[in-house]
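Right, one structure below, let's go through it.
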Amino acid sequence: MCSNTHKSFSIKPTSFRGLSSLSLPLSLAHISIQYFLSYSHKSPKGITRRKSTMKRYCSVALQVLLLVAFFSSKYSVEGRSLLTMTHSSQAVRDLHVSKEMKKEPLKGEKDSFRRIPRSGSNPIQNNRRRQHHHLKNQNLSFLSLLPPFSAPSDSSSRHLSSSSSEMSASDSSSSLPVTLDSINPKVIKCEYAVRGEIVNIAQRLQEDLKTNKDAYPFDEIIYCNIGNPQSLGQQPITFFREVLALCSHTALLDESATHGLFSSDSIERAWKILDQIPGKATGAYSHSQGIKGLRDAIAAGIEARDGFPADPNDIFMTDGASPGVHMMMQLLITSEKDGILCPIPQYPLYSASIALHGGTLVPYYLDEASGWGLEISELKKQLEDARSKGITVRALAVINPGNPTGQVLAEENQRDIVNFCKQEGLVLLADEVYQENVYVPDKKFHSFKKVARSMGYGEKDLALVSFQSVSKGYYGECGKRGGYMEVTGFTSDVREQIYKMASVNLCSNISGQILASLIMSPPKPGDDSYESYIAEKDGILSSLARRAKTLEEALNKLEGVTCNRAEGAMYLFPCLHLPQKAIAAAEAEKTAPDNFYCKRLLKATGIVVVPGSGFRQVPGTWHFRCTILPQEDKIPAIVDRLTAFHESFMEEFRD
């Protein structure tokens with residue numbers, strides 16, 4: 001009779017990654033032993049009648065297990081041996097009943113996952129020696145070598161699935177087909193700090209705050225890391241949402257009550273838009289460039305803004321500005337020998353997209369001392385340096401108003417930039433998504449297309465791509481993912497290729513297309529919604545200007561902090577002059593000093609900002625980017641928290 005208490009070897013189900021071919025012989029061996037056991041409990045005669053057959057089965061089972069032991073010394077997952085020891089108090093005859101198996105790890109099980117030494121003392125052999133005297137007189141001592149086994153079940157399938165999903169991303173010994181070593185290295189190379197490490201920490205803190213409010217010196221996480229206005233309380237523009245609602249739920253247009261709930265011009269605009277959509281269905285695909293009638297409205301809006309004609313066939317509707325940037329990088333970059341001139345500091349979309357498409361970022365540094373000025377001499381210097389290294393510079397990216405720096409380019413400066421691109425044969429990539437966000441009276445937004453046309457440059461003189469989005473401005477419709485790019489100065493055969501790339505994505509989303517047309521053709525004087533629209537727009541922009549000024553002044557009062565004024569966009573980018581002790585502490589933690597500062601700020605105040613190192617910066621300087629988007633009534637509290645933290649930080653690390 002087999003003893004009900006013994007030590008047994010067991011092979012974990014999760015240990016068979018890469019050795020699935022062993023599962024069948026193991027199963028057959030175990031079933032044979034189960035069969036053998038069942039008769040041992042029925043009658044001794046049952047054993048006798050099958051003695052010779054059982055000997056053969058047991059021999060096979062032992063050989064299989066010896067093979068497993070051999071392979072366990074060669075294959076492991078996260079340094080753990082395939083063959084491990086566990087202690088069980090169950091009878092061997094009960095091990096095959098999967099529903100009665102304990103789901104929790106057995107005591108000491110975690111510690112049993114140790115790699116078997118390739119030489120010297122072997123813990124399994126030592127344990128066998130310790131068991132020898134106890135087992136030598138037992139007729140079924142070989143059963144102690146059997147792995148627990150159960151037939152596949154829903155519960156075990158779920159367990160295995162869960163185990164797979166919980167595998168570490170760094171598990172290089174995994175037999176799964178996708179590892180960090182096998183994926184596209186360009187994906188690993190690209191980075192996007194706006195949603196990087198600091199934000200991940202903030203999200204964990206936010207979850208913990210729900211149950212451990214008393215554990216932190218703050219009661220909420222304030223996300224100042226990203227230009228996401230409505231997440232911080234900004235209200236959408238009523239006219240835009242009314243039109244969108246009516247287009248999305250057309251049955252409202254047939255209800256008499258609608259005229260009492262919606263403005264007359266929103267109803268009229270909704271009908272006009274629906275008439276331009278085949279089937280009046282916003283859930284259907286559109287032309288790959290976007291709905292023609294909506295592109296007509298955008299072109300008319302561009303013409304009204306610039307005073308120069310715009311062609312709707314030059315408009316490509318996109319899901320925000322980012323896909324347009326990616327599309328142009330994909331078009332222009334053929335290898336790492338192709339370079340794109342980008343401002344430093346820059347919005348990480350550019351460095352990330354250049355890396356993903358295998359190109360080279362050619363940096364040009366904005367001059368912080370002159371309010372983040374763009375100097376043509378710097379452009380020439382970096383261009384010549386890149387060319388001397390064999391890099392073919394294809395384009396110049398300019399962000400105006402600036403992100404993360406908040407400057408607005410002077411028109412004369414823009415003329416110099418246009419001339420530079422013309423002379424050097426560069427495509428001008430004009431990121432103009434903050435064109436509505438200008439807060440100072442001495443600056444005004446001018447589109448690069450307007451500047452180029454005013455200089456006499458036409459389609460055949462300058463390749464220019466302008467990007468616009470519904471996510472920024474005073475509208476802040478980030479989640480609706482709407483935008484467009486206006487593509488001018490490209491030959492017809494190249495335009496066909498751009499259209500082909502757009503076609504691969506079928507079309508941008510229709511709600512985003514509608515919003516893009518609305519921001520470029522808002523209510524006009526005399527329209528039913530005009531007064532409320534202007535009040536909402538001006539209220540948002542004037543509040544942003546006040547918030548920018550308050551934060552700028554507060555930052556400049558802090559010891560060792562300097563901050564240029566926010567002329568436009570949605571951000572401030574202060575410079576941190578950190579004590580040497582703080583820099584040394586950051587180096588000890590193997591992180592950038594501004595990242596060190598931002599993590600400390602988050603954990604002390606709940607305020608989320610982005611380290612300047614995520615945007616790149618002049619070597620040896622440190623910054624962080626902070627949005628001006630928290631609602632105005634929260635700005636004083638943010639200033640108080642930031643001030644208290646900074647004073648404490650500087651005192652702690654004072655040289």
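Along the sequence shown, the residues carry numbers beginning at 1. Only a predicted model underlies this, so the values are computations on that prediction, with no experimental measurement involved.
- Residue pairs meeting the side chain to side chain donor-acceptor pair (under 3.5 Å) criterion with at least one member in residues 420-430, sequence neighbours excluded: Arg387-Glu424.
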Test side-chain contact (heavy atoms from CB on, under 4.5 Å) applied to Glu411 and Val451, step by step: CA-CA 7 Å; Glu411 186 174 6; Val451 171; 4.2 Å; yes
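- Looking only at distances, no side-chain donor or acceptor of Glu552 sits under 3.5 Å from a matching main-chain atom of Arg547.
- Using a distance-only test at 3.5 Å, with no hydrogens or angles considered, a donor-acceptor pair links the side chain of Arg394 to the main chain of Leu332.
- A distance-only check finds no donor-acceptor pair linking the side chain of Ser266 to the backbone of Phe262 [under 3.5 Å].
- There is a side-chain donor-acceptor pair under 3.5 Å between Asp338 and Thr334.
- Applying the side chain to side chain donor-acceptor pair (under 3.5 Å) rule to pairs touching residues 514-530 yields Ser263-Ser529, Ser264-Asp528, Asp265-Ser529, Arg269-Ser521, sequence neighbours excluded.
- Under the 4.0 Å criterion applied to side-chain N and carboxylate O atoms, Glu303 and Arg305 are not assigned as salt-bridge partners.
- Listed by first then second residue, pairs satisfying ring-ring contact (aromatic ring centres under 6.0 Å, His included) with a partner in residues 494-519 read His287-Tyr499, not counting sequence neighbours.
- Sorted by first and then second residue, the salt bridge (Lys or Arg N to Asp or Glu O under 4.0 Å) pairs with a member in residues 230-244 read Arg241-Glu477; sequence neighbours excluded.
- Listed for the Gln346 side chain is a donor-acceptor partner under 3.5 Å among the backbone atoms of Ser351.
- Side chain to side chain, Tyr347 and Tyr571 fail the donor-acceptor criterion of an N or O pair below 3.5 Å.
- Every residue meeting the side-chain contact (heavy atoms from CB on, under 4.5 Å) condition with Ala310, not counting sequence neighbours, appears here in chain and number order: Ala299, Ile302, Lys449, Glu486.
- In summary, of the residues considered (Val427, Leu383, Leu379), a side-chain contact (heavy atoms from CB on, under 4.5 Å) with Leu396 occurs for Leu379 alone.
- Donor-acceptor pairing under 3.5 Å is lacking for the side chains of Glu459 and Thr488.
- Within the 3.5 Å criterion, the main-chain N or O of Gly482 finds no donor-acceptor partner in the side chain of Gln513.
- Partners of Cys342 by side-chain contact (heavy atoms from CB on, under 4.5 Å), not counting sequence neighbours, listed by chain and number: Ile340, Tyr350, Ile354, Leu361, Ala397.
- Within the structure, no pair that satisfies the salt bridge (Lys or Arg N to Asp or Glu O under 4.0 Å) test touches residues 348-377, not counting sequence neighbours.
- Side chain of Gln617 to backbone of Thr621: a donor-acceptor contact under 3.5 angstrom is found.
- Asp385 meets the salt bridge (Lys or Arg N to Asp or Glu O under 4.0 Å) test with Lys389; sequence neighbours excluded.
- Within the structure, the salt bridge (Lys or Arg N to Asp or Glu O under 4.0 Å) test picks out the following pairs touching residues 271-294 (sequence neighbours left out): Asp275-Lys280, Lys292-Asp296.
- Taking 4.5 Å as the limit, every side-chain heavy atom of Ile222 sits out of range of all side-chain heavy atoms of Val608.
- A donor-acceptor contact shorter than 3.5 Å links the side chain of Lys443 to the backbone of Val408.
- Residue pairs meeting the salt bridge (Lys or Arg N to Asp or Glu O under 4.0 Å) criterion with at least one member in residues 311-334, sequence neighbours excluded: Asp314-Arg495.
- For the salt bridge (Lys or Arg N to Asp or Glu O under 4.0 Å) test, no residue two or more places apart in sequence or in another chain qualifies with Asp493.
- In this structure, a donor-acceptor pair under 3.5 Å is present between the side chains of Lys500 and Gln497.
- With sequence neighbours left out, Glu268 forms a side-chain contact (heavy atoms from CB on, under 4.5 Å) with no residue at all.
- Using the six-membered ring where Trp is involved, His326 and His357 have ring planes that are perpendicular, over 60° apart on the 30 and 60° scheme.
- The shortest distance between side-chain heavy atoms of Asn228 and Leu629 does not fall below 4.5 Å.
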